[in-house]
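First the proteins, then the strands, lettered A, B, ... as listed; each starts at 1.
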Amino acid sequence: MQSSFPLFPQAASSIASEVDLLYFFILAVASFFAVLVSVAVVFFAIKFRRRHADEIGHDIHGSIALELIWSIIPFVLAMVMFFWGADLYFRIARPPADAMDVYVVGKQWMWKVQHPEGVREINELHVPLGRPVRITLGSEDVLHDFYIPAFRVKMDAVPGKLTTLWFTATKTGSYHVFCAEYCGTQHSGMIGQVIVMEPHDYEAWLAGGRSTGTAVQNGEKLFTQLACITCHKTDTSGRGPVLTGVFGSTVQLMDGRQVIVDENYLRESVMNPQAKIVLGYQPIMPTFQGTVSEENLLQLIAYIKTLKATTPESPEGGQ
Amino acid sequence: MSHISSKRLFYTIFVSLIILTGLTVFVARQDFGAMNTPVALAIAGLKATLVILYFMGVRYNTPLTKVVAASGFVWLIILFGMTMGDYLTRSWLGFPGR
Amino acid sequence: MENPNAPHEHHPALQHHFHSMAQQLEASVLGMWVFLVTEVMFFGGLFMAYILYRSLYPDAWLAGSQELDEFLGGLNTVVLICSSLTMALAVRAAQVGSRKGQIVNLILTIVFGTVFLVVKYFEYAKKFEHHLVPGAHFDPARDPAQQLYFSLYFMMTGVHALHMVVGIGLMLVMLHMAWKGRFSAEYFAPVEISGLYWHFVDIVWIFLFPLLYLIGKHH
Amino acid sequence: MNHDIKAGSYLDAPHGIASWLLTKDHKRIALLYLISITVFFIIGGIFAAGIRTELMTPEGDLFTADMYNKVFTLHGVVMIFFFLIPSIPATLGNFLVPIMCGAKDLAFPRINLLSWYLYVAGASLTIGAVALGGVDTGWTFYTPYSSMASNTNVTLAALGVFIAGFSSILTGFNFIVTIHRMRAPGLTWFRMPLFLWAHYATSLVMILGTPVVAITILLVGAERALGFAIFDPRVGGDPVLFQHLFWFYSHPAVYIMILPAMGVISELVAAVSRKQIFGYSFVAYSSLAIAIIGFLVWGHHMFVSSQSIYAGLVFSIITMIVAVPSAVKTFNWTATMYKGSITWDSPTYWVLGFMGLFLIGGLTGLFLGTMGLDVHLHDTYFVVAHFHYIMVGGGVMGFLGGVHFWWPKMTGRIYPETAGKIAAVLVFVGFNLTFFPQFVVGYLGMPRRYHAYPEEFQILNVLSTGGAAVLGAGYLLILAYLVASFFKPRNAPANPWGATGLEWDIPSPPTTFNFEHDPVVTEDAYDYVGRARKAREN
Ligand code: HEA
Ligand code: HEA
Ligand code: CUA
Ligand SMILES: [Cu+2]
């Protein structure tokens, strides 16, 4: 664990040391300029101090060469920072294909976590060591932000849409989770822990948890309970489109646009179905805004994502 | 600024504006597909330009006034362009929220 | 023309800190243009929201637009163009020193402006009747995204109408000054810059009309 | 230089409260503004003291969570909208822009007064919101918290900010017209003092950006008051659109806060070194470059907001580019001091302090502008430290430097030099002690706007609170001796620093119409060499 007076954060994810490296690079550049200018200014102020009351400075107006030098060097350094930072950002943004999925919903003022196997927890997130974890984030109410300093990752949870974040933990232990986007009274109380475990400990933990069914199973149950199934059938006899294989496909809309089906499209289709009408269908699907919670929505999405080939029951929930 | 336009000019501009209004209403009933909005905006832009140049007299004004008058619209383009630049490139990476 | 070194003309309307009437006029006209730039940006925020939501919810925009009365919108467009003409003529009358021309044209401008607001009032009243005002009483059978359309409709036309009200107030002041015979070929800056403001308000409407009323009339 | 009261000074001419409250004299309006922003600085400072006291301990013990949220919100709102944005432009700018132009007043004196009244009205509404229970949205008013969740007086406070926005628009508008149309004969653009260039650039930002935040705030108000839906996610509205509209203004607004300070420093560096500024045209153009390019970077506040990564790339690269003109300015100031004749009067202390603190603030902006790093740093105390270094270290230091430099001109009084130097050192030391630890605690991961925090951050927070006490003491000292100087005779010489510039050619304090004879400018700005030559020839 942390010492009681740390000056530098622990680095416990695969990305953390990369972020630190960039940090030290910019720190070096910044320190160089800070020292250069401060020393020069103080030195000049002493060296060229006024000796008698009527003294004036030398007649120097400027130098194009110097202006160029001190624009181009900072510019080049700034570009190095930009490209380095941009490259790093892509790596922070793009989860590996084999990442395991975890669903997290922010709500004033707690984090609700759902593992694909069905175990749920609040303000705690157990993850296995060394395995990429991809978190799909939603929000029930206002903006929140899921932040794990030891992993150097953070992402806003935005009401009305889903966002993603990923990491691979590289050290066992428990680390802070903070809500980093201001969200009201208990913003500073919306904190929790990520507990990184050896993979076999994690399996044991999962097995010991009270599972209320996997996310996919729950999604399937909801699909029946909410009567989605009355319109979305496995054959084309329903009033709504067949949802098998819809995830990842390209859908033609009535107004001529095309969209690729991703999590946010699925979300919108349930919460705001009139926004995008599939070509060839009537805008009759009711909105489930207010009926379906953000958590249930994530389960429905998890379920719809598995409706791929012939085995809609496959339990791994979105590998 | 002390330029005084003829009444005739004003009447000409007025008639053009009325005709252009009729034209927008007319073209709104035609279907140009994706070009519907651009056509409507082009006509509105033309009308606005006539008002600015003649009724507001920018045509006869100093270059400074011309620059000032244009700058508002340039800044609008920055606002619209960069904001829509965000929305139009959403999800290109294929991960929600990126 | 920067800092014309012209001798003091000592016109009664020359303020102490200006050198000449020309400098004073140039300053006020430039000032008005700078102010109009802020107005452009002010409406710009609304247009930004309009562009985004229209591109996200084209269907809601189509359906919303069909609820607006194209005839009344068109009528108001014509009314405003007429008012712009009379406004331009009023400024011209001041420049050539015709008191009667100023008074007649200013009155006409005020009348047109008022007609616009009256028409707007009837349009708004209808929206209330049809449960098209966003918030608690919005027709629940409608696609919720149409609330975005109508919120923007009311904000855009509402802020525009507010500008009309201010404009009419300004015109009343101008009318008073014209009545007193304050304007002349040397001094007409107040009418000139009020005119700029009035034309600007007209321009906003020139864009609002097709963008709000005329979407999808080809259906 | 021993006459006590100078005849015809603008301070005396008409007497009575009404003559001040209805004045159209830009110098009197500047003083009205100076008093009001000082009041708001104290109010904002008291809120800051509240924040720092609460954060001495990890638990939330001084305030309730809600109370804390209101305290930092009001600290931010008051400091930004009612102190820093009007600070230099509305006080020193109002006082000096016409004089530096060689004009008798701003182009629209009545509108200038209106701008002060709007400021007071806006500020009163916001204070009214405090009296009615406060606001808790953060100074950023992010939706949907501000529009749907918060049940505090958001609408009232927002209205206050909206109205204050117009006061700043009017100031900017007056400056632009004045600089374009009222310059004295011979005062060409490239003879203007850099203070004017800086204010011109600032004014551009004021008029192009402020209206956008005004309408945005109005939209939030309409959502709250009328039930409209603009940013409401339940009907498909996008809360992130608010962030775009907000930062379209509020990023450029940070340049409203720093450009005038840069203008002050340009004047001060030249004056304390008695030397032509190095690379005049580069410093002048860099102000415009900052103002214009500064409009293209707002998305750097939104790297983790679900903004598209490609938009982020564009905003990030332009952010890095906009750092370059600031670099150019910094290096030119440094080079100006080379072979100057540098005094060690109190303005010099402020210049040195500004350079050091602005540098750290600006350079840490580079960390934040780098996308991959901002993911970790966003909304932590690193950001808090960054902006206090620039806004307090740069902005407030620049403001105080300007006040110390022009105080004899504005009031005709001299303050005690030693006290001035002690205050500058206290502020510098206190400042660093307050905010340097925040970089460390920020990189450790402490989020901002936290009422309670994990224990391991405590030591750094205690340091920070201790620093704030020193800093506060420094500010109080300044307040004390500046107020005290009013009780002393008005005996400041016309040009105590031996500086160039039209304002130093007229009496201290100036007469109501500034100039007895309309000035004609025949020399470049900061032409110390030319002046010395002339003096020798005479
Ligand atoms: C006066 C105010 C001011 C100024 C001038 C600046 C200037 C800069 N700011 Fe700052 N900023 C704020 C006030 C200010 N900022 C505030 C208030 C916030 C937080 C808002 C909130 O969320 O509440 C913020 C937040 C903020 C963020 C968002 C952080 C986040 O929330 O995640 C970013 C990210 O890019 C940023 C970057 C920059 C940069 C690159 C500059 C640059 O302009 C700095 C340029 C200066 C220099 C670089 C120094 C001089 C240069 C040299 C000596 C040469 C060496 C240079 C190179 C090698 C390039 N700022
Ligand atoms: C011009 C702008 C400005 C200025 C001058 C300041 C000045 C100060 N600020 Fe402020 N600050 C902001 C703008 C500014 N700030 C903004 C925009 C935010 C973000 C708000 C948000 O998140 O919405 C912020 C947030 C902010 C925070 C983060 C709160 C949080 O996120 O939870 C902190 C914490 O330390 C802080 C501290 C200080 C301090 C110590 C000063 C000091 O410089 C003040 C010094 C003055 C005094 C201390 C008062 C006078 C002295 C006394 C009365 C003596 C007694 C003093 C003590 C016993 C301490 N500020
Ligand atoms: Cu949730 Cu802050
Ligand atoms: Cu910024």
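- We find the CG-CZ distance between A/Leu165 and B/Phe95 to be 12.5 Å, quoted to the nearest 0.5 Å.
- There is no contact between A/Arg267 and chain B, counting heavy-atom distances below 4.5 Å.
- The number of heavy-atom neighbours closer than 6.0 Å to CZ of B/Phe80, taken from other residues, nucleotides and ligands shown, is above 12.
- The closest donor-acceptor contact from the side chain of A/Thr164 to the backbone of B/Pro96 lies under 3.5 Å.
- Counted within 6.0 Å of CZ on A/Phe90, heavy atoms from surrounding residues, nucleotides or ligands total more than 12; the atom is thus considered enclosed.
- Around CG of B/Leu9, the count of heavy atoms belonging to other residues, nucleotides or ligands within 6.0 Å exceeds 12.
- When the shell of 6.0 Å around CZ of B/Arg59 is examined, it contains 12 or fewer heavy atoms from other residues, nucleotides or ligands.
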